[in-house]
Amino acid sequence: MWPHFAIEIGNTQGQIPLYGLMLGCGLITLFLGVDFAARRQGRDPEIIGRFHYCLLTAFLSGLASALLLTKLIHGADTPWGKMAAMPGILGGTAGLIAATRCWRVPLTDWLPLALPFLCLTHAWGRLGCFLAGCCYGKPTENALGVQFPEDSMACAAHGHVPVHPTQLYELALLVGLAAALHFAIPTAQRFWSYLLIYGTGRFAIEFLRGDDRGSIHLITGLSPSQQLCLLFIAAGTGLAGRQWRQRQAASPRT
């Protein structure tokens, strides 16, 4: 846990929140990765530039929705600044759809290219969570357990015991998913693969979380993020099935 980085400017000492710095690294990774991949494919530089505006709009709308919806999920007493990833993904998706329509960028053509780098952006955010000490897991005695310092939220909730580093579990999931999407999964299958793989992985990791997950009173026993993961899985399954039916219909009959 290392929530702040101290800097000195003259006689003044300040602090840089590392969570925010990690988000900035994620945004840079997203822009550079998409730009490199698009230019490598020989795409129109003008459309590349317009898509960058779309990605920035999606990033900002994701932050805004994460702030607003997290406060609704966790209650009015939750301080401003706490953010949950799943509401951010939904808000960012809505912002991306609106922005691509505004800037006349074909979303179905550009989203598969961007998905690996969106996963890496999310992974940077999870590293920021680990450094900030939020989104921690339940107490554990296995070798992967991490003992957070005395002033951490994990220590306040569970005492001086190791907890699952669920932030790092999800980071590993996202980096592996990014690599699979970029190097192994065909472009046409990337979107539903992302929905299925991330939705299933995040659903499982949620069982190890030990922080306050908030509440949505729809499915008893499941966290809000798990309930949203079910939507991801259902949507991914539906899209995969539709693509399979289209491929079957297009294949020559013998």
Side-chain angles (χ1 to χ4, degrees), residues 1-4 17-23 26 62 65-67 69-90 119-178 194-234 236:
M1 177 179 167
W2 187 21
H4 299 95
L18 287 184
Y19 180 79
L21 184 60
M22 294 303 102
L23 287 182
S65 64
L67 288 168
L69 294 179
T70 300
K71 194 170 180 65
L72 292 175
I73 292 171
H74 287 265
D77 295 335
T78 302
W80 287 103
K82 187 172 184 177
M83 295 187 293
M86 292 298 286
I89 293 174
L90 296 177
C119 288
L120 293 178
T121 299
H122 193 174
W124 276 108
R126 280 309 180 203
L127 179 58
C129 291
F130 181 75
L131 294 173
C134 61
C135 305
Y136 49 86
K138 295 177 180 177
T140 179
E141 296 181 356
N142 69 34
L144 296 177
V146 172
Q147 173 66 66
F148 283 89
E150 186 175 356
D151 59 346
S152 67
M153 289 179 280
C155 193
H158 300 296
H160 298 275
V161 296
V163 298
H164 283 286
T166 46
Q167 316 95 325
L168 300 185
Y169 296 167
E170 190 170 348
L171 184 152
L173 168 67
L174 288 162
V175 171
L177 178 55
Y194 164 78
L195 292 173
L196 285 175
I197 296 172
Y198 178 72
T200 303
R202 176 64 185 271
F203 186 89
I205 291 172
E206 283 288 305
F207 285 114
L208 301 177
R209 291 282 288 267
D211 58 334
D212 178 16
R213 309 301 302 123
S215 61
I216 298 177
H217 302 291
L218 293 176
I219 304 177
T220 303
L222 296 182
S223 71
S225 292
Q226 285 178 312
Q227 295 177 52
L228 292 174
C229 283
L230 293 179
L231 293 179
F232 274 46
I233 295 169

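The analysis underlying the following values was restricted to heavy atoms, covering all of them including side chains, and did not include hydrogens, waters or symmetry mates. Sequential numbering from 1 along the given sequence is applied to the chain's residues.
- In this structure, Gln227 CD and Arg213 CZ are separated by 11.5 Å, a value rounded to the nearest 0.5 Å.
- In terms of heavy-atom proximity, Phe232 sits nearest to Leu90 at CE1-CD2, 4.0 Å.
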Point to revise | side-chain contact (heavy atoms from CB on, under 4.5 Å) between Asp211 and Thr166, worked out | key: CA-CA 10 Å; Asp211 58 334; Thr166 46; over 6 Å; no
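- Closest approach of Cys155 and Pro149 over heavy atoms only: CB-O, 3.4 Å.
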Practice item. Before giving the answer on side-chain contact (heavy atoms from CB on, under 4.5 Å), spell out for Leu127 and Trp124 the whole-Å C-alpha distance, their side-chain angles and the decisive distance to 0.1 Å. Key: CA-CA 5 Å; Leu127 179 58; Trp124 276 108; 4.1 Å; yes
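- Taking CG of Leu218 as the reference point, atom CD of Gln226 lies at 13.0 Å (rounded to 0.5 Å).
- Between Ile89 and Tyr198 the shortest heavy-atom distance is CD1-CE2, 3.9 Å.
- With rounding to the nearest 0.5 angstrom, the CD1 atom of Ile205 is 5.0 Å from the CD atom of Glu170.
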Sequence neighbours excluded and cut-off under 3.5 Å, please list the side-chain donor-acceptor pairs for residues 130-141, or say none.
| unit_1 | atom_1 | unit_2 | atom_2 | d |
| --- | --- | --- | --- | --- |
| Lys138 | NZ | Phe207 | O | 3.0 |
| Thr140 | OG1 | Asn142 | N | 3.1 |
| Thr140 | OG1 | Asn142 | ND2 | 3.2 |

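- Atoms CD1 and CD1, on Ile197 and Ile233 in that order, are 11.5 Å from each other to the nearest 0.5 Å.
- Of all non-hydrogen atoms in Tyr19 and Gly125, the two that sit nearest each other are CE1-O, 3.6 Å.
- The two residues Ala123 and Leu171 have their closest heavy-atom pair at O-CD1, 3.6 Å.
- In terms of modelled atom types and a separation under 3.5 Å, the side chain of His158 and the main chain of Gly210 share a donor-acceptor contact.
- Between the CG atom of Leu23 and the NE2 atom of His122 there is a distance of 10.0 Å, given to the nearest 0.5 Å.
- Here the straight-line distance linking atom NE2 of His160 with atom CD of Glu150 works out to 4.5 Å at 0.5 Å rounding.
- Taking each heavy atom of Ala178 and Cys119 in turn, the nearest pair found is CB-CB, 3.8 Å.
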